[in-house]
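Structure record follows, encoded as structure tokens.
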Amino acid sequence: MNTVTILIVDDDPDDVLIIADAIKELHPSIQIISAVNGEIAMEMLTSHLDFHHSLSLIILDLNMPKMNGTQTLMALKENQKFEKIPVVIYSTSVNSLEKEKCLKLGALSYMTKPLSYKESIATAAHFIELCNIRSIQTGKTV
Amino acid sequence: MHEMAKVTLENEMDLILAHKRSMKLAEIAGLSLSAQTTFATAVSEVARNTIDSGKSGRLILNVEIDQRDKYIVACIKDEHANNISREGFEYAKRLVNKYYISTKGTETSIELYYYISPSFKIDIQKLDEWRLFFRNEPPISPYEELKRKNEQLQKLSEKVQKSDTQFKTLTNSLPLIIFSLDLEGQLLYANEWLIKYSGESIESLNKSKWKSFVHEDDYHTFLVLFENKIGNGEIAIRMQARLLDKAKGEYLWHQLSLTPYKDDNGNLQYWTGFIVDINAQKIVEETLKDNRELKQIQIQLKESQQTQERYIEELNRSNQELQQFAFIASHDLQEPLRKLVYYSDYLINQYSSSINENGIECLTKMQNSANRMRMLIKDILVFSQIDKERISLSDVDLNSIAYHARQDFELVIEEKKAVLIIGDLPVIRADERMMMQLFENIISNSLKYSKKNSSPEIHIKSLIKDDCVELSFKDNGLGFDEKYLTQMFTHFQRLHNYIEFEGTGLGLAICRKIAEMHNGKIWAESKEGEGATFYVSLPTYSNVNN
């Protein structure tokens, strides 16, 4: 399968839509799946055996109930099967220290939620680029 | 009246007999020696007058028993001449319990009564015995009689003297002040102790009515006692007063006790009193009272402490609730605001073709308002998050903080062609996030309030003082009038019109809270038009979480 699949983990449906629409605008073929929090995301990954192979990127919000972004990030990186999936942080805070922490934990990038249409396109473009890194590794193309 | 004996009163020798018989009657009637003498003397006095100037004088000794009392009665009768002197009678009156003087024709009759103790039993048999005794009494020579009388008087006088000496010795040896007062409160007798202790003589005490001896605060009560009760004969008088120890010059607490002395007839004669030093007891009493008061105060203190603790607990709880509320409110408000901003932007950009100029203007205003709100809420969020519970100390490299801050303001720095010069900053024990916030707020301020046509320059330096670090942030911006200093660091105060400059005024208030949370201080110096320097003093190692 050559389709690029992106998992968005965010409890806010509007935010999911904003970024999903932007991504789809740039590359309509990209598949987007969403989970409302880290717990559900982990469940998805563990219950569907090959799911993680098909993922090109996980977009992770920080502020979520039950299992927040940081916890999810750590859980992913601790798991042998999932540690290689590229993760990017997508959040409202903009502190460079926080950014550094997330990067240290293994996130590839840290983007703030867009406040304008232009921003949303730029953010989406950045995310897609990160997917390409994986696709080079897995042989998938966008 | 039971007649006991008769004596004719004609000459001196009869006087002796009269005296003798009177003594005898008193003796067998159970009277004390002094009472006997008193009675006999009274009889003698009256009898003498009769012998001297009366006619047909005679003494009849009786015993009188009525319902209540018993008396021995001496009845002296005579045929008088009108100018007879009754001097003796005036004297005798005072010696006996009752007396009568009556005249029947030319005969005058004087009766002298003396109490017999009620406990002394008299019956008909006894009376008969007594009568018999008097009848059978042998006559003796007048000379012998005189001699015997003298001897008796002598013995009596000696006894009194001895008794008096014994009394004095006793009273002087007891460690008490002993004295006696007459019915006017004047001292009749005082033992050595009173004289020694007060340093005054009986005369001076009587004259001054003890004024210099008794403490002025107690004198009033003392005087009242003396002046009223002594005359009225209460059962006993007790009071406590401070008396001056002349030798020490101190007033010490004493207990005064006065007991009335009444004669056989129940008449008040004089008062005996004693004074005891109770100063030690008084001190113990006072100490106990103080102790009790202290205990009370301690209990009250404990209670108020507990109340205070409860208040503090409540305040803390309330404070926490407020913090939580501020956090939740601002956090949950951020998300809808963000949407507001995004979607108004979306509308402006994606639907510009279907909205006219006016519409675009409205949408823009909407967006601007939403943005301002977003900033304010973000600040409130930050402000509410700076509290003791959330402080997490670590060794923070302030250089690293400064560099990160510069990184975060990259865009603005480039835009304004600003320069941020960072000096050699130390590592201190602080909350990393809060330090980040502090630096960013001050730098943001300096960048915001920069002069329009010159590139902003910000110098960050540090100075080590004792166990503190003094950071300085010097800029070349617009500066401010120092009279606004306090305003600047409190909530929501801004010096410039908000239309000209973005952002809210919470920035410096947040800085102040951060500084205070670390037990530090923040202040600033500036001149309008000549830039500003912000100083932050922070302890290097102190324990913030007391």
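Here the structure is a predicted model, which means the values were calculated and not measured. Every chain is numbered from 1 and lettered A, B, ... according to where its sequence line falls, protein lines coming before strand lines.
- Proximity to chain B is absent for every atom of A/Glu119, based on heavy atoms less than 4.5 angstrom apart.
- In A/Lys77, the NZ atom is crowded: over 12 heavy atoms of neighbouring residues, nucleotides or ligands sit closer than 6.0 Å.
- The list of ring-ring contact (aromatic ring centres under 6.0 Å, His included) pairs with a residue in residues 352-373 of chain B, not counting sequence neighbours, is empty.
- Both the backbone and the side chain of A/Asp15 come within less than 4.5 Å of a heavy atom in chain B.
- Listed by sequence position, B/Glu335, B/Arg338, B/Lys339, B/Val341, B/Tyr342, B/Tyr343, B/Asp345, B/Tyr346, B/Gln350 are the residues of residues 334-356 of chain B in contact with chain A, using a 4.5 angstrom heavy-atom cutoff.
- The number of heavy-atom neighbours closer than 6.0 Å to CD of B/Glu321, taken from other residues, nucleotides and ligands shown, is above 12.
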